[in-house]
Every structure is written in C-alpha cells, then in structure tokens.
Amino acid sequence: PEAPMAFLNIAILGAIGTAFGVAMFNKLLQISSIVFATSVTYTIPVTAVLVGVFYLNEALTWVHGLGFAIILAGVWLANRK
C-alpha cells in the first residue's frame, strides 16, 4: 500500500536532487578547476555511506569496504599513465 508514495518520493529525489546536484557541480566547474571538481565527485560514495550509517542507522559491513576498494581501484586504473 505504501508503494505509490515510495515511488513518488524516489522520483522527486531523483529529479530534484539530481537537477540540484548537476547545477551545483556545473557552478563548481565554473569557479574552480577540473581537478578540484573531480575530487568532489569521488567523495559522493563516501558521503552516501556516512549518511546511511550515521543518519539512517544502517550497518557498515565488509561489503562496503569491498565496494570502496573497487571504486578506488577503478579511479586508480582510470588515472594511471
């Protein structure tokens, strides 16, 4: 019975949150360098997990650590010369 309201909330967060995030990121690119803006992008998964752990009381498990390791490995692979 709560599915329609949950879907509406997800749609609102997706549309407004993403639009706001993209607008802020574009402004950040205008006022700073691409290096700084890219480093902000890498903090998004860390921020999401911290919000989940401290605000939503979710458990931090080894799977999260594995995910962080995979993300960092991908960043390293993408940026190596």
Side-chain angles (χ1 to χ4, degrees):
E2 289 91 18
M5 185 56 78
F7 180 75
L8 177 65
N9 289 334
I10 291 170
I12 290 170
L13 283 174
I16 295 173
T18 302
F20 185 67
V22 168
M24 288 183 62
F25 185 72
N26 287 337
K27 185 65 176 172
L28 178 66
L29 286 175
Q30 287 178 346
I31 62 174
S32 67
S33 69
I34 189 69
V35 174
F36 178 73
T38 304
S39 66
V40 169
T41 303
Y42 294 147
T43 64
I44 291 172
V46 175
T47 305
V49 170
L50 291 176
V51 166
V53 169
F54 293 112
Y55 181 70
L56 301 174
N57 297 322
E58 295 182 358
L60 187 62
T61 65
W62 67 271
V63 177
H64 295 99
L66 178 64
F68 285 140
I70 291 170
I71 290 169
L72 291 176
V75 170
W76 176 76
L77 285 172
N79 291 322
R80 70 183 178 147
K81 294 182 185 214

For Pro1 and Pro4 the tightest heavy-atom approach is O-CD, 3.6 Å
Donor-acceptor pairs under 3.5 angstrom involving side-chain atoms of residues 61-68: please list them, not counting sequence neighbours.
unit_1	atom_1	unit_2	atom_2	d
Thr61	OG1	Val63	N	3.4
Thr61	OG1	His64	ND1	3.3
His64	ND1	Thr61	N	3.0

Tracing side-chain contacts under 4.5 Å among Ile, Leu, Val, Met, Phe, Trp and Tyr outward from Ile10 reaches none
Identify all side-chain donor-acceptor contacts of residues 18-31 below 3.5 Å with residues at least two apart in sequence or on another chain.
unit_1	atom_1	unit_2	atom_2	d
Thr18	OG1	Gly14	O	2.5
Asn26	ND2	Val22	O	3.4

| request: Using the rule that two of Ile, Leu, Val, Met, Phe, Trp, Tyr join whenever any of their side-chain heavy atoms come within less than 4.5 Å, decide whether Leu13 and Leu50 are in one cluster. | output: no
CG (Asn57) and OH (Tyr55) are apart, to the nearest 0.5 Å, by 10.0 Å
